[in-house]
Amino acid sequence: MHGEDDEKPAGRRRPGELAAQVLRTLVEAGQPLSPGEVLDRLDPSGALSYSAVVTTLTRLHEKKAVTRERSGRAFRYLAVTDPSALVAWRMSRLLDAEADHTSVLTRFVSSLTKGDEEILRKLLDDR
């Protein structure tokens, strides 16, 4: 049943969406960027706050998805991984939080599209 409560409010991002966008911005830049430079490339309209970018970069650094180097009083950040690696890391972390891996994986696989299930089977066969 879908109602008004199921829709996300305008301007709200899905969990992890900003981190993926910031990481993608760093990957595309191919060079270290300051938080301000990330903000300018990510949201030239100015709707996104500087502090949201700094917080996201700090969290990505803690997850070792980016490196940072001191540049004056601030840091410049460089991607060491891509957004898909960050999602895979999150999936592993969620799986590790549950004691019953079999149940979680069974439900996960049963929710895959036929195409994604085929990709997963091929990846497992190639190992």
Side-chain angles (χ1 to χ4, degrees):
M1 179 171 167
H2 296 291
E4 290 181 37
D5 293 335
D6 294 334
E7 296 177 19
K8 68 179 187 175
R12 297 280 316 249
R13 289 182 171 83
R14 293 185 321 258
E17 186 177 353
L18 180 57
Q21 291 172 340
V22 167
L23 196 54
R24 190 172 296 108
T25 298
L26 290 171
V27 168
E28 289 171 359
Q31 64 183 16
L33 297 177
S34 69
E37 291 167 331
V38 171
L39 179 60
D40 290 345
R41 290 175 185 222
L42 189 59
D43 182 30
S45 72
L48 183 62
S49 74
Y50 179 83
S51 64
V53 172
V54 170
T55 299
T56 301
L57 286 166
T58 300
R59 289 181 179 157
L60 287 169
H61 181 257
E62 290 167 355
K63 295 174 184 176
K64 301 194 184 331
V66 300
T67 59
R68 68 183 183 191
E69 58 188 40
R70 179 71 69 181
S71 178
R73 294 186 304 175
F75 287 106
R76 298 183 71 76
Y77 294 84
L78 180 66
V80 294
T81 190
D82 61 30
S84 62
L86 186 59
V87 171
W89 176 83
R90 275 196 215 110
M91 290 170 64
S92 292
R93 195 176 76 186
L94 288 170
L95 181 60
D96 287 344
E98 177 59 46
D100 185 1
H101 287 201
T102 301
S103 178
V104 172
L105 290 171
T106 299
R107 288 180 183 267
F108 175 72
V109 169
S110 69
S111 71
L112 293 174
T113 65
K114 194 70 165 167
D116 286 343
E117 186 177 337
E118 289 173 14
I119 291 169
L120 183 57
R121 286 184 191 284
K122 181 173 178 358
L123 290 170
L124 292 171
D125 287 344
D126 290 348
R127 289 188 66 188

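What you are looking at is a predicted structure, and each value in this text was computed from that prediction instead of being measured.
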- Query: In Å and rounded to the nearest 0.5 Å, what is the CG to CD1 distance from Asp116 to Ile119?
  - Reply: 5.0 Å

- Note on the structure: When every non-hydrogen atom of Val54 is compared with those of Pro35, the smallest separation belongs to CG2-CB, 3.7 Å

- Separation of Leu42 CG from Glu28 CD (nearest 0.5 Å): 10.0 Å

- Query: Could you state the interatomic distance from CG (Leu94) to CZ (Phe108), rounded to the nearest 0.5 Å?
  - Reply: 10.5 Å

- Item | Residue pairs involving residues 61-77 (criterion side-chain hydrogen bond (donor to acceptor under 3.5 Å, both in side chains); sequence neighbours excluded) | Glu37-Arg76

- Roughly how far apart are Arg107 CZ and Asp100 CG, rounded to 0.5 Å? 9.5 Å

- So, for Val66 and Leu57, which heavy atoms are closest and what is the spacing to 0.1 Å? CG2-O, 3.9 Å

- Item | Point-to-point distance, once rounded to the nearest 0.5 Å, from CG of Leu23 to OG1 of Thr56 | 11.0 Å

- Quick one: list whatever passes salt bridge (charged side-chain N to carboxylate O under 4.0 Å, His left out) with Glu118, sequence neighbours left out. none

- Lys/Arg N to Asp/Glu carboxylate O, Asp126 vs Lys122, below 4.0 Å: yes

- Query: How close do Val27 and Ala79 get, heavy atom to heavy atom, and via which atoms?
  - Reply: CG2-CB, 3.7 Å

- Once you round to the nearest 0.5 Å, how far does OG1 of Thr25 lie from CG of Leu33? 8.0 Å

